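Quick caveat: nothing in here was measured; it's all calculated off a predicted structure. Naming: A, B, ... by sequence-line order, numbering from 1 per chain.
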Protein chains: 4
Amino acid sequence: MFPSIDPQNGIPIFEQVCRQVKYAIAQGAYHSGEMLPSVREMAQKMAVNPNTVSRSYRELQREEIIEAIRGTGMQITPNATALCKKERKRLIQERISSVLQEAHASQVSKSDILGWLEKEVQRLWK
Amino acid sequence: MFPSIDPQNGIPIFEQVCRQVKYAIAQGAYHSGEMLPSVREMAQKMAVNPNTVSRSYRELQREEIIEAIRGTGMQITPNATALCKKERKRLIQERISSVLQEAHASQVSKSDILGWLEKEVQRLWK
Amino acid sequence: MFPSIDPQNGIPIFEQVCRQVKYAIAQGAYHSGEMLPSVREMAQKMAVNPNTVSRSYRELQREEIIEAIRGTGMQITPNATALCKKERKRLIQERISSVLQEAHASQVSKSDILGWLEKEVQRLWK
Amino acid sequence: MFPSIDPQNGIPIFEQVCRQVKYAIAQGAYHSGEMLPSVREMAQKMAVNPNTVSRSYRELQREEIIEAIRGTGMQITPNATALCKKERKRLIQERISSVLQEAHASQVSKSDILGWLEKEVQRLWK
DNA sequence: GTGGTCTAGACCACC
DNA sequence: GTGGTCTAGACCACG
């Protein structure tokens, strides 16, 4: 279900956990009203310190993607799916914009950049 | 010549200094055999502690982009321009590949992604 | 465990720390997966500033002898022992080659040099 | 006559100049009572800053290998040849002793070390 | 003047 | 608790 995390790649572990939960929600692996695994369960699944999972959940709560049900656990909010999808889209567009801007600043020619983009798009979307 | 650095953006200052020097070399602002501004001079220009610049220069030395001439200063190596240009190209291609991969994994449709790319390329390369 | 360092012998302290760690690993005092003493601990043991130890650890990281586990400490990499042993061997062979070359260039006779070598080897290896 | 110096190898340039002069004297290229080239001349020959040659000469004077003749230049002292030869011998013996000691401390086997020594001696003294 | 090293003390994010 | 970064100020050898 969750690919495990990489403690060496510079991205904080709690951030990686957040991303994976959001990703799972955006893909429809969790739906509104479902419960997320408990902190301890999730920590074990991901081979991560429970404190770290706890921090991730706190973060997700702040973004209103999950909410704490006292004595029960963390529940996916009604608009979680929409939020996660929207965020993914925004993030991807931002990254595209930023990399193209840098390419332009580095004086990469239009034909070079179009070539690279074409190649990757072909490869991925077959 | 050098835009100043942003101490708040998460990227370590010494890393920002490295990047700016590499960028300047890639753009042809420095050529092989020229001397880089002295540690103290650069530190003042960028409003940064000399130790920080020193660390950046050490890093650039390790990457064989500059070399220290004792008692004299830091000199651009013969192949610095090639190295910097190559690195920029590699970085941009990697980022393009990675963002498109994520877009694909998020099930963005081919037409959507092509639309976004087209729009940005038009905007930047006029 | 670690003999302390000599701040007066021309070799930078951070370099001496690196060497001692590598030496300890080559001798089998540390094994893959173990944690190195923390920066602050090592600094106290060696009566050195923590920043200096930090620089040594950074260097060892670059050589892939240890890796940083965030919030946890520095861990010996899987191939650290092999790397350290190999480096020691390389260094010794280089030094032998260089001193013999200089002896030859200085027109030391073959019998003289053999005599000196024999004497030292006997003395050390009993 | 003088091989040129290497500004990148860690050994101070003034030290390299000293060594080369001593080496030349030990080899009999200069004899007692002869004059050394002037600071300016030597600096040009070696492509080095005159200040640096000056410092080397000062050093050689301190070791009583040359002496200043006012208004004339630097003269090789009567016992220069003996001193230089003796120093070379001492240096070589010290370095041999030190590297063998390190090899022993690193638990290199007697047969390994003998093999390496043999190979190098054969190669150099043919 | 140059770069290189070291110390001291501070602050940060992470686990 | 951990490592990582930054600043400040000092000292050194080199050219």
Side-chain angles (χ1 to χ4, degrees), chain A residues 5 7-8 10-17 43 46-56 59, chain B residues 5 7-8 10-17 35-43 46-61 66-75, chain C residues 5 7-8 10-17 35-43 46-61 66-75, chain D residues 5 7-8 10-17 43 46-56 59:
Chain A
I5 56 93
Q8 313 284 5
I11 302 170
I13 294 178
F14 81 88
E15 178 65 25
Q16 294 185 48
V17 173
M46 297 205 170
V48 158
N49 189 306
N51 279 328
T52 307
V53 175
S54 184
R55 174 155 180 200
S56 303
E59 195 62 25
Chain B
I5 54 94
Q8 312 283 9
I11 301 169
I13 295 179
F14 80 89
E15 178 63 28
Q16 295 185 47
V17 174
M35 305 305 282
L36 224 46
S38 79
V39 168
R40 293 157 175 85
E41 210 178 321
M42 182 69 94
M46 298 209 169
V48 160
N49 188 292
N51 273 326
T52 306
V53 175
S54 188
R55 179 164 175 194
S56 303
Y57 280 12
R58 205 186 313 141
E59 197 61 27
L60 292 168
Q61 239 180 312
I66 60 178
E67 52 194 0
I69 310 286
R70 280 195 311 249
T72 303
M74 310 299 286
Q75 193 183 36
Chain C
I5 55 92
Q8 312 284 7
I11 301 170
I13 294 179
F14 80 89
E15 179 64 27
Q16 295 184 48
V17 173
M35 304 304 283
L36 224 46
S38 79
V39 169
R40 293 156 174 86
E41 212 178 320
M42 182 68 95
M46 296 208 168
V48 160
N49 186 292
N51 274 325
T52 306
V53 175
S54 188
R55 178 164 176 192
S56 303
Y57 280 12
R58 203 186 314 141
E59 198 60 28
L60 292 169
Q61 238 179 313
I66 61 179
E67 52 194 0
I69 311 286
R70 282 194 313 248
T72 305
M74 310 299 284
Q75 192 182 38
Chain D
I5 56 93
Q8 312 284 7
I11 301 169
I13 293 178
F14 81 88
E15 177 66 25
Q16 294 185 48
V17 173
M46 296 206 169
V48 157
N49 189 307
N51 279 328
T52 307
V53 174
S54 184
R55 173 152 179 202
S56 303
E59 195 63 24

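Counting non-hydrogen atoms under 4.0 angstrom, B:Q61 reaches the backbone sugars and phosphates but no base.
Spacing between atom CZ of B:R58 and atom P of E:dG4 amounts to 8 Å, rounded to whole angstrom units. Atom-to-atom, OH of B:Y57 to C1' of E:dT5 comes out at 18 Å; the value is rounded to the nearest Å. C:L60 has its CG atom 11 Å from the P atom of F:dG4, to the nearest Å. In this structure, C:I66 places its CD1 atom 13 Å from C1' of F:dG4, rounding to the nearest Å. The separation between C:M35 atom CE and F:dG1 atom P is 16 Å, rounded to whole Å. Between C:Q8 atom CD and E:dT5 atom P the separation is 16 Å, expressed in whole Å. Nucleotide E:dG3 holds its P atom 17 Å from the CD atom of B:E59, rounded to whole Å.
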Note to self: Checking B:L60 against B:Y57 for the side chain to side chain contact (heavy atoms under 4.5 Å, CB included) test, could you report, in this order, the C-alpha distance in whole Å, the side-chain angles of both residues, the deciding distance, and whether it holds?
What the structure shows: CA-CA 5 Å; B:L60 292 168; B:Y57 280 12; 4.3 Å; yes
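Using modelled atom types, one side-chain atom of B:Q16 and one backbone atom of B:I11 make a donor-acceptor pair closer than 3.5 Å. Judged by distance alone, with hydrogens and angles left aside, the side-chain atoms of D:E59 form no donor-acceptor pair with the main-chain N or O of D:E15 at under 3.5 Å.
Residue C:S54 holds its OG atom at 8.0 Å from CE of C:M74, rounded to the nearest 0.5 Å. The OG1 atom of C:T52 lies 12.5 Å from the CE atom of C:M42; values are rounded to the nearest 0.5 Å. The distance from the CZ atom of C:R55 to the CZ atom of B:R55 is 9.0 Å, given to the nearest 0.5 Å.
If you check F:dC14 for Watson-Crick or wobble pairing at under 3.5 angstrom, you find it paired to E:dG1.
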Heavy-atom contacts, protein to nucleotides 6-15 of chain E, under 4.0 Å, summarised as B (base), S (sugar-phosphate only) or - (none) per nt, yield BBBB----BS
